[in-house]
There are 2 protein chains.
Amino acid sequence: MAKAAAKRTLKWQRDPEGMRLRILEAAKQEFSTHGLAGARVDRIAAKAGANKRMLYYHVGNKDELYLAVLEGAYDKIRSEERGLDLEHLDPPEAIRRLIEFTWTYFLRNPEFLSLLQTENLARAKHLKKSTKVKSMHSPFVEMIRTVVRRGVESGDFQVAVDPVQLYISIAALSFFYLSNSATLSVIFGRDLLDQKAKDERLAHMSGLVLAALTGRSAELFEIAKTPRARTAVVQTV
Amino acid sequence: MAKAAAKRTLKWQRDPEGMRLRILEAAKQEFSTHGLAGARVDRIAAKAGANKRMLYYHVGNKDELYLAVLEGAYDKIRSEERGLDLEHLDPPEAIRRLIEFTWTYFLRNPEFLSLLQTENLARAKHLKKSTKVKSMHSPFVEMIRTVVRRGVESGDFQVAVDPVQLYISIAALSFFYLSNSATLSVIFGRDLLDQKAKDERLAHMSGLVLAALTGRSAELFEIAKTPRARTAVVQTV
DNA sequence: GGAGAAATTAACCCGTTGGATAAATACTGT
DNA sequence: ACAGTATTTATCCAACGGGTTAATTTCTCC
């Protein structure tokens with residue numbers, strides 16, 4: 001009772017872990033919407049429901065805060081990637097799944113795209129200092145390597161492409177479309193992010209890559225064009 | 001004589017057009033290396049060999065300066081695009097040329113990539129206000145449309161892909177590789193910008209797109225892999 | 001129940017930065 | 001040659017923004 005009465009008059013309560021998480025979440029929003037230089041430390045504090053001093057207490061200065069956010073972003077995508085486990089699918093299906101995963105992940109996590117853009121504008125200055133990120137290899141490169149080998153052996157694929165090139169290409173097709181959708185929409189005078197446009201984009205990307213690998217352009221693009229049960233996988237955003 | 005003597009003691013001379021160009025060039029450098037928020041008006045002035053007041057006198061405030069730079073960048077690429085004239089080439093060769101042009105243009109004009117990244121981080125806020133840019137359509141979309149039609153009719157291409165999708169994909173393959181080369185290089189632990197890597201990238205992109213269109217994966221990737229006379233077109237940067 | 005550590009608040013500091021003002025200098029037409 | 005205008009320089013300033021200092025409050029453990 002006395003304790004309850006005392007609690008009532010508390011001006012604030014402690015929550016170091018929660019505070020740290022709220023700070024990082026707020027910082028992620030701020031850095032992804034405003035970039036590194038455009039981000040405001042005060043806004044992050046406000047958004048986290050905290051005092052500015054807290055950022056320095058729990059994470060560090062603006063740069064350290066930014067790096068922590070970046071590392072968290074890489075950590076998250078790598079974690080989801082590991083959970084995908086595409087090794088047992090037959091080669092074309094594995095590639096198709098990879099494309100869909102990449103696409104939907106970028107759709108679900110637009111801040112990830114912005115953060116990467118920001119970091120690349122800084123020529124990866126911060127990432128180079130992060131030992132953590134450097135050790136977080138994407139499992140997809142090795143996955144692609146074995147899938148391509150299996151595909152070539154089985155006759156599904158006509159070429160043994162370099163897995164790194166293929167990985168970059170698959171990421172590129174989704175990344176550029178989404179990260180540059182604002183300027184592209186202005187230039188083409190149409191909304192690239194409405195549901196129809198997004199469905200068509202996924203179909204196009206799958207068709208393009210699989211046609212190149214298998215050499216069966218016609219069928220693949222046609223298959224990709226017709227609505228399939230798989231479209232359920234395409235997440236709305 | 002008297003005039004010459006007078007000129008010698010001049011503290012400065014007028015050059016409005018030259019000044020404006022130097023300001024825009026300096027601003028392009030500044031905005032592309034530091035982004036919009038990170039750019040410093042004083043640095044632009046210093047780089048242009050001018051007084052800060054000159055920026056406001058000749059162009060306008062920071063935002064107007066930025067938009068002028070952006071419009072100039074679009075103007076430049078559209079102008080080079082128009083000069084390319086791919087209509088008369090046979091379809092596969094036209095696509096190959098387009099890919100090479102896109103790639104080398106991005107290599108030669110890294111500021112263009114940075115400016116687009118910056119503008120997309122701002123969700124095209126400034127571009128939307130530019131009536132100038134909206135009217136500068138890339139000639140490539142129409143070019144691709146006719147090339148694809150011709151290719152399908154001649155039997156070179158197996159599918160009639162949407163020209164906008166294809167245009168975006170071709171841009172994406174080059175853009176992402178270059179704009180994200182900093183982070184990708186860190187993550188893959190290898191330099192994506194050395195000459196060998198760049199040659200391989202161009203070969204991969206051409207092989208991927210043409211294989212998808214023609215359905216002749218094997219030959220195309222192989223052709224692309226072997227050094228050709230065409231590699232002379234690949235510019236070093 | 002209270003002392004010491006941990007977490008949080010409030011207030012302030014000071015260099016930077018975009019932008020403005022006013023004065024000086026160069027050019028142009030007559 | 002000179003009046004009027006266009007261009008450039010030299011200062012100034014108010015707001016902002018990252019970071020710091022010091023005091024305050026809550027928690028924990030004995």
Side-chain angles (χ1 to χ4, degrees), chain A residues 1-24 26-27 29-31 33-69 118 122 125-126, chain B residues 1-24 26-27 29-31 33-69 118 122 125-126:
Chain A
M1 242 282 282
K3 195 172 179 181
K7 232 175 197 168
R8 173 176 320 187
T9 60
L10 284 185
K11 296 184 178 169
W12 45 268
Q13 54 179 358
R14 294 184 173 186
D15 181 16
E17 305 84 5
M19 178 61 90
R20 197 184 141 92
L21 289 180
R22 273 180 294 136
I23 289 172
L24 288 176
Q29 295 304 323
E30 179 72 9
F31 284 123
T33 54
H34 299 281
L36 179 50
R40 293 292 164 257
V41 173
D42 294 277
R43 270 201 302 252
I44 296 174
K47 232 175 296 186
N51 186 292
K52 181 165 56 165
R53 179 69 179 77
M54 292 288 84
L55 313 191
Y56 295 88
Y57 184 78
H58 287 287
V59 187
N61 65 19
K62 193 181 181 183
D63 270 349
E64 295 171 302
L65 195 50
Y66 168 76
L67 183 55
V69 167
T118 296
K125 187 173 72 173
H126 314 85
Chain B
M1 241 276 289
K3 195 172 179 181
K7 230 173 198 169
R8 174 174 319 182
T9 60
L10 285 184
K11 295 186 178 168
W12 45 268
Q13 54 179 356
R14 294 182 173 186
D15 181 16
E17 305 86 5
M19 178 62 91
R20 184 162 206 272
L21 288 181
R22 273 179 293 137
I23 289 171
L24 288 176
Q29 296 304 322
E30 180 71 11
F31 283 123
T33 53
H34 298 282
L36 179 50
R40 291 294 164 254
V41 173
D42 294 277
R43 270 201 302 252
I44 296 175
K47 235 177 293 188
N51 187 291
K52 182 167 54 166
R53 178 68 179 77
M54 292 287 85
L55 312 191
Y56 296 89
Y57 183 77
H58 287 287
V59 188
N61 65 19
K62 193 181 181 182
D63 269 350
E64 296 170 302
L65 195 50
Y66 169 76
L67 183 56
V69 166
T118 296
K125 186 174 70 173
H126 314 84

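Note that this is a predicted model, so its numbers are computed, not measured.
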S.K.: Expressed in angstrom and rounded to an integer, what is the separation of A/E17 atom CD from C/dT8 atom C1'?
M.R.: 15 Å
S.K.: Residues of residues 57-69 of chain B with any non-hydrogen atom less than 4.0 angstrom from an atom of DNA chain D: list those, numerically ordered, please.
M.R.: B/Y57, B/H58
S.K.: If I take atom CD from residue B/E30 and atom NZ from residue B/K47, how far apart are they, to the nearest 0.5 angstrom?
M.R.: 4.0 Å
S.K.: For a side-chain contact (heavy atoms from CB on, under 4.5 Å) check, start with the C-alpha distance between A/Y57 and A/N51, then their side-chain angles and the critical distance, and finish with the verdict.
M.R.: CA-CA 10 Å; A/Y57 184 78; A/N51 186 292; over 6 Å; no
S.K.: Considering only residues two or more places apart or on different chains, which pairs with a residue in residues 58-68 of chain A satisfy side chain to side chain donor-acceptor pair (under 3.5 Å)?
M.R.: A/Y66-A/E119
S.K.: What integer distance in Å separates A/L36:CG from D/dG17:C1'?
M.R.: 14 Å
S.K.: Considering only heavy atoms from C-beta outward, does the side chain of A/V41 approach that of A/Y56 to under 4.5 Å?
M.R.: yes
S.K.: How long is the gap from OG1 on A/T118 to NE2 on A/H34, to the nearest 0.5 Å?
M.R.: 11.0 Å
S.K.: What distance do A/K52 atom NZ and A/R43 atom CZ have between them, rounded to the nearest 0.5 Å?
M.R.: 12.5 Å
S.K.: Just verifying a value: how many Å separate A/I44 CD1 and A/L65 CG, rounded to the nearest 0.5 Å?
M.R.: 5.0 Å
S.K.: What is the distance from CD of B/Q13 to C1' of C/dA24, rounded to the nearest Å?
M.R.: 17 Å
S.K.: Tell me the interatomic distance from B/L55, atom CG, to C/dT21, atom P, rounded to whole angstroms.
M.R.: 17 Å
S.K.: Expected output is a numbered-order residue list: members of residues 37-54 of chain B with a heavy atom under 4.0 Å from any atom of DNA chain D. What is it?
M.R.: B/N51, B/R53, B/M54
S.K.: Quick one: CD on B/Q13 to CE on B/M19, what's the gap to the nearest 0.5 Å?
M.R.: 10.5 Å
S.K.: Rounding to an integer number of Å, can you tell me how far A/Y56 OH sits from C/dT8 C1'?
M.R.: 16 Å
